[in-house]
Amino acid sequence: MAKDPVRVLVTGAAGQIGYALVPMIARGVMLGPDQPVILHMLDIPPAAESLNGVKMELVDAAFPLLKGVVATTDVVEACTGVNIAVMVGGFPRKEGMERKDVMSKNVSIYKSQASALEKHAAANCKVLVVANPANTNALILKEFAPSIHEKNISCLTRLDHNRALGQISERLGVQVSDVKNVIIWGNHSSTQYPDVNHATVATPAGEKPVRELVADDAWLNGEFITTVQQRGAAIIKARKLSSALSAASAACDHIRDWVLGTPQGTFVSMGVYSDGSYNVPAGLIYSFPVTCGNGEWKIVQGLAIDEFSRKKLDATAEELSEEKALAYSCLN
Ligand SMILES: NC(=O)c1ccc[n+]([C@@H]2O[C@H](COP(=O)([O-])OP(=O)(O)OC[C@H]3O[C@@H](n4cnc5c(N)ncnc54)[C@H](O)[C@@H]3O)[C@@H](O)[C@H]2O)c1
Ligand SMILES: O=C(O)C[C@H](O)C(=O)O
């Protein structure tokens with residue numbers, strides 16, 4: 001029997017990531033090749049005409065899994081009945097703006113969209129925040145949607161995770177699909193800590209630690225980390241636009257693994273509400289290694305953290321605490 005359609009909200013759908021993401025969702029990349037979807041697309045009034053153009057293209061693409069499209073600038077209509085919400089819409093930093101100005105705009109957007117989701121989304125709606133500052137926007141959404149369970153609110157660090165896999169695969173000349181269990185700790189920002197201490201590569205002689213195969217700790221503790229931390233800025237420099245296809249693809253990976261589960265023995269990175277694991281302060285949205293099953297993520301416990309890693313975990317937590325304080329100061 002055919003499955004009932006799942007309603008997926010994409011905010012900021014007329015933007016760059018939205019344009020790459022909605023066809024992926026409509027093709028089954030996010031929820032599987034046998035899962036029909038109804039797309040809800042939200043943008044702001046100045047982007048309404050462009051949003052309607054995206055809707056026209058979705059119709060023209062005749063995706064068999066796409067059972068309906070809602071394209072609207074009304075947040076209540078957009079949020080009504082959605083099972084999954086991918087929050088890409090936000091206010092970008094413009095010339096002459098201070099960090100606090102950008103934070104203040106996004107805090108107010110995420111506060112009001114939190115209320116709309118809380119009141120109108122389907123029960124158990126899963127939320128993924130992509131828009132920057134992703135961790136802090138997700139935290140604000142959590143604070144202003146208290147009836148959405150904290151387990152259902154996350155932010156995107158899977159792009160950073162995939163970037164780390166990509167760097168290791170390039171360095172070793174192996175298939176990216178043979179590399180696993182890198183970890184992104186912390187903030188989706190340049191303080192994030194890409195950690196390979198538990199990562200492995202599948203080889204004809206069995207699974208081998210990345211550190212052993214790379215055999216260059218100076219590179220792994222130096223250039224590898226900074227390359228992943230600064231990859232977003234490098235893409236902006238090269239394209240004059242921020243990453244879009246890789247961000248859209250990572251959003252699909254994030255939701256797919258969350259809903260359908262991670263493969264046995266594999267963990268991925270998700271920005272989730274800290275419960276104090278690994279001595280990360282509780283009450284931050286922080287990227288951890290997680291496994292998923294039955295539609296729920298679980299932080300991987302018991303990984304050894306050396307002194308080098310400890311400092312990096314703490315530094316990115318410190319930045320998130322400062323962002324949280326700044327976000328709260330914008331609410332006053
Ligand atoms: N977490 C990550 O890995 C990651 C990666 C890349 C980009 N990003 C972030 O994702 C966001 C989107 O990037 P983009 O390149 O698509 O930007 P974009 O400017 O092309 O698109 C953003 C869209 O959001 C819309 N928007 C603005 N305010 C809105 C609101 N209140 N409600 C609904 N829509 C609204 C805009 O009109 C625009 O169409 C940015 O914040 C970017 O920094 C995050
Ligand atoms: O938009 C940015 O600042 C960069 C983006 O978050 C990315 O990681 O590509």
Side-chain angles (χ1 to χ4, degrees), residues 9-22 24 40-55 70-79 85-94 97 99 102-117 127-138 140-141 154-164 166 184 186-192 194 227-255 268-272 285 287:
L9 167 67
V10 176
T11 71
Q16 291 204 83
I17 295 177
Y19 191 71
L21 178 60
V22 291
M24 291 183 188
H40 287 222
M41 304 194 296
L42 175 72
D43 214 293
I44 49 177
E49 196 179 349
S50 168
L51 186 67
N52 194 42
V54 178
K55 179 177 178 179
V70 176
T72 182
T73 57
D74 175 9
V75 68
V76 171
E77 187 186 3
C79 292
V86 187
M87 313 300 284
V88 185
F91 194 90
R93 183 157 165 161
K94 295 194 174 153
M97 282 179 82
R99 238 174 120 230
V102 192
M103 182 71 86
S104 156
K105 295 265 186 207
N106 283 299
V107 161
S108 82
I109 292 172
Y110 278 82
K111 185 177 165 188
S112 71
Q113 295 187 350
S115 308
L117 276 174
V127 183
L128 165 62
V129 177
V130 176
N132 284 320
N135 302 55
T136 300
N137 286 342
I140 294 299
L141 198 150
S154 66
C155 82
L156 188 70
T157 54
R158 184 62 175 268
L159 174 55
D160 311 290
H161 181 101
N162 288 348
R163 285 167 170 163
I184 302 299
N187 200 0
H188 172 69
S189 77
S190 58
T191 68
Q192 67 178 259
T227 299
V228 176
Q229 287 173 331
Q230 288 163 21
R231 190 67 158 186
I235 302 285
I236 293 173
K237 188 159 181 276
R239 276 189 2 108
K240 318 290 177 245
L241 286 169
S242 69
S243 60
L245 84 85
S246 54
S249 181
C252 290
D253 289 344
H254 176 114
I255 298 286
V268 294
S269 304
M270 283 174 70
V272 296
I285 299 269
S287 180

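A quick note: this is a predicted structure, and the numbers were derived from the prediction, not measured. For ligands, and for the atoms within them, numbers begin at 1 and follow the listed sequence.
Checking each of Gln192, His161, Arg158, His254 against Ser269 for a side-chain hydrogen bond (donor to acceptor under 3.5 Å, both in side chains) leaves exactly one that passes, namely His161. Each of Asn135, Thr157, Asp160 was scored for a side-chain hydrogen bond (donor to acceptor under 3.5 Å, both in side chains) with His188, with one residue passing: Asp160.
The protein non-hydrogen atom at the shortest distance from atom 30 (C) of ligand 1 is Ile44 CG2, 3.5 Å. Here the heavy atom of the protein found nearest to atom 27 (C) of ligand 1 is Gly90 O, 3.1 Å. Remark: minimum distance from atom 6 (O) of ligand 2 to any protein heavy atom is reached at His188 NE2, 2.6 Å. Summary of contacts: the protein heavy atom closest to atom 12 (C) of ligand 1 is Val88 O, 3.3 Å. Protein heavy atom closest to atom 19 (O) of ligand 1, with residue, atom name and distance, is Pro92 CG, 4.9 Å. The protein atom (non-hydrogen) at minimum distance from atom 6 (C) of ligand 1 is Ser243 OG, 3.4 Å. When hydrogens are left out, the protein atom nearest atom 32 (N) of ligand 1 is Gln113 NE2, 3.0 Å; that is the closest non-hydrogen contact. Of the protein's non-hydrogen atoms, Asn132 ND2, 3.7 Å is the one closest to atom 42 (C) of ligand 1. Looking from atom 25 (C) of ligand 1 to the surrounding protein, the closest heavy atom is Asp43 OD1, 3.2 Å.
Each of the following atoms of ligand 2 lies closer than 4.0 Å to a heavy atom of Arg163: 7 (C), 8 (O), 9 (O). Interface of Asn132 with ligand 2, defined as ligand atoms under 4.0 Å from a residue heavy atom, comprises 1 (O), 2 (C), 3 (O), 5 (C), 6 (O). Within the listing of ligand 1, atoms 9 (C), 10 (O), 11 (C), 41 (O) sit less than 4.0 angstrom from a heavy atom of Ala131. Each of the following atoms of ligand 1 lies closer than 4.0 Å to a heavy atom of Leu159: 3 (O), 5 (C). Residue Ser242 has at least one heavy-atom neighbour below 4.0 Å for each of these atoms of ligand 1: 15 (O). Close approach to Ser243 involves these atoms of ligand 2, each under 4.0 Å from a residue heavy atom: 7 (C), 9 (O). Taking every heavy atom of Ser242 and a limit of under 4.0 angstrom, the matching atoms of ligand 2 come to 1 (O). The distance from ligand 2 to the heavy atoms of Gly232 drops below 4.0 Å at these ligand atoms: 7 (C), 8 (O), 9 (O).
Residues Val86 and Leu9 have side chains not in contact (no heavy-atom distance under 4.5 Å, counting atoms from C-beta outward). Contact of the Ile255 side chain with the Leu128 side chain is registered, since non-hydrogen atoms from C-beta on lie closer than 4.5 Å. Looking at Ser287 and Met270, their side chains never come closer than 4.5 Å, going by heavy atoms from C-beta outward. In this structure, Val10 and Val88 have side chains that are in contact, with non-hydrogen atoms separated by less than 4.5 Å. Glu77 places a side-chain heavy atom less than 4.5 Å from the side chain of Val70. Ile285 has its side chain out of reach of Thr136: every pair of non-hydrogen atoms, C-beta onward, lies at least 4.5 Å apart. Looking only at side-chain heavy atoms (C-beta outward), Ile236 and Leu241 stay at 4.5 Å or farther from each other.
Applying the side chain to side chain contact (heavy atoms under 4.5 Å, CB included) test to Val75 and every residue at least two apart in sequence or in another chain returns Leu42, Cys79, Gln113, Ala116.
There is a protein heavy atom less than 4.0 angstrom from atom 21 (O) of ligand 1. Counting only heavy atoms, the protein gets under 4.0 Å from atom 39 (O) of ligand 1.
The CD atom of Gln16 sits 8.0 Å away from atom OG of Ser243, with the distance rounded to the nearest 0.5 Å.
Closest heavy-atom approach to atom 31 (N) of ligand 1 among the candidates Ile17, Ile109, Thr11: Ile109. Between atom 35 (C) of ligand 1 and the options Ala251, Gly89, Ala134, the minimum heavy-atom separation is to Gly89. With distances taken over non-hydrogen atoms, the option nearest atom 3 (O) of ligand 1 out of His188, Arg163, Met41 is His188.
Within 6.0 Å of atom CZ in Phe91, more than 12 heavy atoms from other residues, nucleotides or ligands are found, so the atom counts as buried in its surroundings.
Every pair tested for salt bridge (Lys or Arg N to Asp or Glu O under 4.0 Å) that includes a residue from residues 43-52 fails, sequence neighbours excluded, so the list is empty.
Contact annotation: for Arg231 versus ligand 2, there are no heavy atoms closer than 4.0 Å.
Between the Asn106 side chain and the Val102 main chain, a donor and an acceptor come within less than 3.5 Å of each other.
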Report task. Check the pair Val127 / Met87 against side chain to side chain contact (heavy atoms under 4.5 Å, CB included), numbers first and verdict last. Result -> CA-CA 7 Å; Val127 183; Met87 313 300 284; 3.9 Å; yes

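Among the atoms of Val130, some N or O lies under 3.5 angstrom from an N or O of ligand 1. Residue-to-ligand polar distances place Gln16 within reach of ligand 1: an N/O pair is separated by less than 3.5 Å. Taking only nitrogen or oxygen atoms, main chain and side chain alike, Gly15 reaches within less than 3.5 Å of ligand 1.
No heavy atom of Arg158 sits closer than 4.0 Å to any atom of ligand 1. Under a 4.0 angstrom heavy-atom cut-off, Ala14 registers as being in contact with ligand 1.
Residues Asn137 and Asn132 have side chains that never bring a donor and an acceptor to within less than 3.5 angstrom of each other.
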